[in-house]
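Convention: sequence-line order gives letters A, B, ...; per-chain numbering from 1. Everything numeric in this text was worked out from a predicted model, so none of it was measured.
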Protein chains: 2
Amino acid sequence: MRKRARKNCTRVHKTNYWLLRAGFYPWLSAKIGAMNDDQTIDPGVVIADDVAEAAGVSRWTVGRAFRKDAPISAKTRKRVLAAAAQLGYVPDLAAAGLASDRSGLIALLVNDFANPHTLVVLERLSLILQNEGWGSLLVPMRDESGAPDALLTASQRRVDAAVLNGTWFDDQIIKTALGARRVKKLIVFARTSENPNTISISCDDVGALRDIVAFAFEKGYRRPLFVAGPDSHSATVRRKDTFLQEWHRRSGAHAPFIHVEQYNIGLAHARVLAALTGPYQDRRPDILICENDALAIGAIDAIRYGLGLSVPGDIGVIGYDDMPLAALPCYNLTTWHQPITDMANALVEVLRQTSEPSRDQLFPGRFIQRGSA
Amino acid sequence: MRKRARKNCTRVHKTNYWLLRAGFYPWLSAKIGAMNDDQTIDPGVVIADDVAEAAGVSRWTVGRAFRKDAPISAKTRKRVLAAAAQLGYVPDLAAAGLASDRSGLIALLVNDFANPHTLVVLERLSLILQNEGWGSLLVPMRDESGAPDALLTASQRRVDAAVLNGTWFDDQIIKTALGARRVKKLIVFARTSENPNTISISCDDVGALRDIVAFAFEKGYRRPLFVAGPDSHSATVRRKDTFLQEWHRRSGAHAPFIHVEQYNIGLAHARVLAALTGPYQDRRPDILICENDALAIGAIDAIRYGLGLSVPGDIGVIGYDDMPLAALPCYNLTTWHQPITDMANALVEVLRQTSEPSRDQLFPGRFIQRGSA
DNA sequence: TTGTACGCGTTATCAT
DNA sequence: ATGATAACGCGTACAA
């Protein structure tokens, strides 16, 4: 009964939209310039048919004029674009997505709104996606149980890919994502993932923690405490394990660690304070190695305002991320810089590719020595 | 030639999607639970026709079953939903948007990524929109010239509304937005706008600054300096002008002010330091009233680490926003709390309405006294 | 309450 | 290089 010509669409789409920047649509600015304050431009939408009629070509030729690498003569294209400019035509991406199975939408799944670093990631990703002609669907996840909702949203909007920006994605969430309908690609950003069906783009945190351990050891620190994020997630384990191994290799001793349930500055404050006034009261660490900057900032606050001690005088602190907050003189955090822009560029490259890319792309970061250690 | 039955669609849409939460789609969880790690669910997409066939009804009845207030018998709906559940059907919102002229997408236009408060706004808005069945299109604007690009993106995606979250939107940008095709509603969030074609949802900053002035004056401060954001934008003027008026009314004196070109912590640091070591060296203020928290944080850093003075001992600082950073013990900023959640709820209400809402909704905030003044 | 014709604006595919 | 046919998946209006 039901007819469906295009099943299992695995065609390669080589024709991408171009001319997607407003700079290429001078008629927009012209119209706006001529407007009065209380005046709205006639919202009567111009469609490809109108342009076709005006240019004396068919609707399909209009579409070709707006796509790269389309078989169309330069002369015809010029005429079509001129007609489009005069009428104020802009292609409708929603309709294009419906027809082509490529929505041009990328879902950014975010659960880590308490971490200021998230804002940096959102800025970089959305800007670079916009430059490349993609739209960003911001999909928040309140907590772990919010993941199915988020992925449902993404799949209902036919996104071309979903990017996991969170920190506590566990394997169950990734399985949910892969199971969601119409989510074609799943990319784990700024985290590693062991799942073979994902593509992860992240900073080389193994190398990073080796460098961090080297720095701390050579600076003479001997009583470290590792401050890790939520337990039970494979992503966390990597930095922690690398640290523990490296420290043992260098010092012969086993370093202790604590876990904080969320990457939340206030919570880190509380947990670090509890640790230093409780189990670690009599064996106070001389350096806190933190899994990321949010934990490190909380740790500094705990040391200074909870214990009345000094950083780095009494206890040093090292973070990871180099978020803007880390550079403020109040914290002046020694940390590890992730090359977010490079990683975002790599993400775009992965999105462009139709073939299976190599998984687990690692990018080197760099150590940022400031005043906290 | 061209036929268009539905011109100027001003119909009232009373039927909204329901059952949009994943909790209502138990088959998703079931399928996922049964999966192996390296297995992907058959992405063969189930459409309404399939469900119709399985339930023995027409395709249109399937659509009705998924909408509220649709004329359908409870029995039929139950049968349809059962069939949908078995097949794993989920409505396609992209196609629905194309057909109905309501995409269910809201564009969040953001230009203020240097301000940590933006993350709070994004979290609240995207969560509440998701709960109500809307999707959030995150549209970044690098600078003022990026506004046309951003609005083009929004209009090409047929958003139902565009929400301006930025801080330096001037009237030209708003005109651009209103001129953009297919952007039906324009809402200015957390800022006021004088433009009669917009709806602004904001905190009552006139009342807020009255309270702030009252506090500062009664605390005995007598030499204020107002630290404002970018000049030339009407949004900025309101807090500044209110402050200046109120201070004059109370003290009989005219208070001075400076401008910072962006709401950026580092830049505020530099500008405040320059002011205090330059023009204001010999008439040092005893209190800095800042237009928002980002400026206030920069001011505190400048006072403490640039001048070596103490806050609040030598100079007090008051902010506005109550962003999470303000509560950290390092800054402990006295500020004004904006009721973002209430404002987000009001936004949803405006989005729901088809009639013209009253413009300029104001919400009361509250003074948060901490240690910086 | 249910079914049908038509349209939404575009693209894939094929024929010319 | 261009035009034509047939989707894409669903909603609206109206008839039954």
Side-chain angles (χ1 to χ4, degrees), chain A residues 2-17 45-53 55-67 69-77 79-80 89-104 155-158 181-182, chain B residues 2-7 9-17 45-52 55-67 69-77 79-80 89-104 155-158 181-182:
Chain A
R2 158 186 162 204
K3 43 187 172 172
R4 191 107 60 83
R6 288 186 267 163
K7 268 199 173 178
N8 296 329
C9 294
T10 48
R11 289 157 303 172
V12 179
H13 298 275
K14 288 208 172 173
T15 57
N16 284 318
Y17 260 96
V45 175
V46 181
I47 65 176
D49 285 310
D50 303 321
V51 179
E53 197 177 354
V57 298
S58 71
R59 175 156 50 91
W60 299 273
T61 303
V62 174
R64 276 190 275 262
F66 278 88
R67 263 167 294 158
D69 307 327
I72 185 173
S73 73
K75 212 172 91 185
T76 310
R77 169 171 279 158
R79 198 170 70 237
V80 169
Y89 168 74
V90 168
D92 183 323
L93 297 182
L98 184 59
S100 72
D101 253 27
R102 300 187 320 122
S103 63
S155 76
Q156 286 198 293
R157 301 263 173 208
R158 315 178 138 227
R181 296 163 59 254
R182 300 196 190 105
Chain B
R2 160 187 162 204
K3 43 189 172 171
R4 193 104 62 78
R6 287 186 268 160
K7 268 200 175 179
C9 295
T10 48
R11 289 157 304 175
V12 179
H13 298 274
K14 286 208 171 172
T15 56
N16 286 315
Y17 262 95
V45 175
V46 181
I47 64 178
D49 285 312
D50 304 322
V51 179
V57 297
S58 70
R59 176 165 64 78
W60 296 269
T61 302
V62 174
R64 278 190 272 264
F66 277 88
R67 263 168 294 157
D69 308 327
I72 186 174
S73 72
K75 213 171 93 185
T76 310
R77 167 171 279 156
R79 197 169 72 238
V80 169
Y89 168 74
V90 168
D92 183 323
L93 296 184
L98 187 59
S100 71
D101 253 27
R102 299 188 321 120
S103 63
S155 76
Q156 286 198 295
R157 302 263 173 209
R158 312 180 141 225
R181 295 162 60 254
R182 300 195 192 106

Exercise for the section: Of all the heavy-atom pairs spanning A:Leu98 and B:Ala95, show the shortest one and how long it is. Expected result: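 Residues A:Leu98 and B:Ala95, closest heavy atoms: CD1-CB, 3.7 Å.
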Take atom [atom1] of [X] and atom [atom2] of [N], then tell me their distance rounded to the nearest Å.
X        : N      : atom1 : atom2 : answer
A:Leu98  : C:dC8  : CG    : P     : 14 Å
B:Arg79  : C:dT1  : CZ    : P     : 15 Å
B:Asp49  : C:dT4  : CG    : P     : 12 Å
A:Ile47  : C:dT11 : CD1   : C1'   : 14 Å
A:Phe66  : C:dG9  : CZ    : C1'   : 14 Å
A:Glu53  : C:dG9  : CD    : C1'   : 16 Å
B:Leu93  : D:dC8  : CG    : P     : 18 Å
B:Arg102 : D:dG11 : CZ    : C1'   : 10 Å

Please determine whether a side-chain nitrogen or oxygen atom of [X] lies at a distance below 4.0 Å from atom OP1 or OP2 of [N].
X       : N     : answer
A:Thr61 : D:dG3 : yes
B:Thr76 : C:dT2 : yes
B:Ser58 : C:dT4 : no
B:Ser73 : C:dT2 : yes

Handout entry: B:Ile72 vs A:Ala95, nearer the 5' end of DNA chain C by closest nucleotide
Key =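 The answer here is B:Ile72.
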Reported [atom1]-to-[atom2] distance for the pair [X] and [Y], which is rounded to 0.5 angstrom:
X        : Y        : atom1 : atom2 : value
A:Arg64  : A:Arg59  : CZ    : CZ    : 11.5 Å
B:Ile72  : B:Arg77  : CD1   : CZ    : 5.5 Å
B:Arg158 : B:Ser100 : CZ    : OG    : 8.5 Å

Exercise for the section: Choose from D:dT12, C:dG9, D:dC10 the nucleotide whose nearest atom is closest to any side-chain atom of A:Asp92. Expected result: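 Closest of the options to the side chain of A:Asp92: C:dG9.
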Practice task
Check every atom of D:dC8, D:dC10, D:dG3 against the side chain of B:Ala99 and return the nucleotide holding the closest atom.
Solution key: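 Of D:dC8, D:dC10, D:dG3, D:dC10 is nearest to the side chain of B:Ala99.
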So, does the side chain of [X] form a donor-acceptor pair with the base of [N] at under 3.5 Å?
X        : N      : answer
A:Arg158 : D:dG9  : no
B:Arg59  : D:dG11 : yes
A:Trp60  : D:dT5  : yes

